[in-house]
Enquirer: 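First, the structure itself, so that you have it in front of you.
The sequence lines fix the lettering, A, B, ..., with proteins before strands; numbering per chain opens at 1.
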Amino acid sequence: MKRLPDSRKAKRKSISYAKWGYLFIAPFFLTYAIFNLYPLILTIYNSFFENYRSGLKQVGPNFVGLANYVKLFTPDANGTIDILKYAGNTVVLWLGGAIPQIVIALLLAIFFTSHRLNIRGQQFFKTVIYMPNLIMASAFSMLFFTLFSNVGPVNQLLIQWGVVDTAIDFFSIKITVRSLICLMNFLLWFGNTTILLMAGIMGIDQNLFEAAEIDGAGSIQVFFKVTLPLLMPILVYTIITALIGGLQMFDVPQVLTNGAGTPNRSSMTLIMYLNNYLRTSKNYGMAGAISVIIFIITGLLSLMVYRSLTKKD
Amino acid sequence: MNANYYDSRKAKIQLTISRVVVYAILIFLSVLCLFSFYMLFVNATRSNADLQGGFRLLPSNYFLKNLVNAWNDASINIPRGLLNSFIVASCTAVLSTYFSALTAYGIHAYDFKLKKAAFTFVMAVMVIPNQVSAVGFYQMCVKLGWTNSYIPLIVPSIAAPVVFFYMKQYMESVLPMEIVDAARVDGSGEFRTFNTIILPMLKPALAVQMIFNFVLSWNNYFMPALLLDKAEMKTVPLMIAQLRSADYSKFDMGKVYMFILLAILPVVVVYIILSKSIIKGVTAGSVKG
């Protein structure tokens, strides 16, 4: 049967391409379901079971309800609750890197975007400060370990200059270990934050700056009255995503302290704690419970990201 | 007139002072960023005996010897590690970029019932860190015999929410749907249209995401450490961690520095060549507040 051109056109228009949409997104969602969703559910499921290896003997899996969670929050013989201690460490280590990271990044972003200052060699500076972000964190940490070790160049220099008589054991002192981790995190991330904040500032209507300048506002006034309020959504986004990243802190302290979080577990982070249960003692129950807690914290933080992004519109 | 002249002079001096301060800060931060890498390079050119002897700011002539020693080390097979890392990272980069583009195109170009739900879902899971599902993931891999295999390191990268989001944003800014319609009129199948017409239009975004995901995978430590324990399967970060846990005092330090240098060098070289587009890529996919 011959169809008229007219009806053919109508037919063409009514062809639904919906199945192609499903087909194109299928691999992504299938993969996500198998490799992320199912493992997540399995992890949560595990947190209600006693399931670990003790020497060569396998214990469980036995259903124990919330016992793993209770154990997680029960103080040990010294009265410390490990998970709170490690959560505290994570926050301290995060803050020590993130505060300078955000303050310096904000300053640099303003320098780079200022027409008045008209900084030369921007590309060079940006290239240099962003570079650490791409460096293997574990190798960077190993590098700092060698540089600050007892026989490393930092100690050699201090002795050569007569600052100290014998080498300082940087890795047995709480404050120096923590400072080194903070410094590394700062170096790894401040370039990235600078570039994000720069984009944010350049997205602000330039006329506003000009108007403020014509009205006689000084650069400090412009910053607090114009730049900062308009930059707030991006700044909040940056801070919270940095917080979610900080929660995952692992490579740097793990390699620097060889997984021990020395001294006295003062640089042990939540993910290192999880890693110890999972890798060393194959304790799926406890590792599961820690994962669930990290998952809940991440979820709450993400909700804050979402709200900070939608509030403006 | 005189007062005016004085004012503008004062402003000029102020500007000069602030410029000097700003450049000083920038130079200080640049030195801070580069110094540890410079020390790494210098120390990789020195012999173990020389390194024990004291601090030195200038390179020595032991670079090749250290390179040969590190390359042929019996316990840490760095050439194998570099090859392993390269295989995993390139497969990951290609898969995550291609399938994220495909997914983003599926949601961008077609209308279907679950379109909005699919997009919201990806956005919601974007921030969930891999580590929280590691327990289940590891159990699954053990059950399937996937420990000491690259499958669990490569295949999951098909679902990369961050890359998807970047691609989606990019398509919204550069991809006119008229082109797709034109291709349809010409009788091009949907899948072919994507591969031969859409993908070439996304080249800049694909390139940037390939680099980022290559680097991400190259540097990845947590998951490979969980899954790989056979020496010949280890990737570079695991070898670096192995250096840390070895008996440190017995090590040839020149070799140790050389190992670290080899671990970061590929990424640094790529970065130096492509820094301009990489830095542009940092912002292009970020959320616009």
Enquirer: For B/Y110, which atoms come within 4.5 Å of any heavy atom of chain A: side chain, backbone, both, or neither?
Expert: side chain
Enquirer: Using a 4.5 angstrom heavy-atom cutoff, name the option from A/L256, A/I44, A/L301 with the most pairs to chain B.
Expert: A/L256
Enquirer: Counting only non-hydrogen atoms closer than 4.5 Å, does A/F148 touch chain B with its backbone (N, CA, C, O), its side chain (CB onward), both, or neither?
Expert: neither
Enquirer: Of the backbone (N, CA, C, O) and the side chain (C-beta and beyond), which part of A/Y130 lies under 4.5 Å from a heavy atom of chain B, both, or neither?
Expert: both
Enquirer: Between A/T257, A/V292, A/L37, A/I293, which residue shows the highest count of heavy-atom pairs closer than 4.5 Å to chain B?
Expert: A/T257
Enquirer: Any pair with a residue in residues 27-36 of chain A that passes salt bridge (charged side-chain N to carboxylate O under 4.0 Å, His left out), sequence neighbours left out, goes on the list, sorted by first then second residue, please.
Expert: none
Enquirer: Establish, yes or no, whether a centroid distance under 6.0 Å links the rings of B/F194 and B/Y105.
Expert: yes
Enquirer: If you tally heavy-atom pairs under 4.5 Å against chain B, which of A/L40, A/N155, A/L134 wins?
Expert: A/L134
Enquirer: With a 4.5 angstrom heavy-atom cut-off, could you sort out which part of B/I27 is near chain A: side chain, backbone, both or neither?
Expert: both
Enquirer: Quick check on the 6.0 Å ring-centre criterion: do A/F140 and B/F37 meet it?
Expert: yes
Enquirer: Can you see whether B/N195 engages B/Y98 through a side-chain donor-acceptor pair at a distance of less than 3.5 angstrom?
Expert: yes
Enquirer: So B/Y38 and B/F41, would you call those rings parallel, tilted or perpendicular, with 30° and 60° as cut-offs?
Expert: tilted
Enquirer: Please state whether the side chain, the backbone, both or neither of A/I119 comes within less than 4.5 Å of a heavy atom of chain B.
Expert: both
Enquirer: Look at A/M198, A/R116, A/K282, A/Q160 and state which one has the largest set of heavy-atom pairs under 4.5 Å with chain B.
Expert: A/R116
Enquirer: State, yes or no, whether a side-chain contact exists between B/F251 and B/N48 at a heavy-atom distance under 4.5 Å.
Expert: no
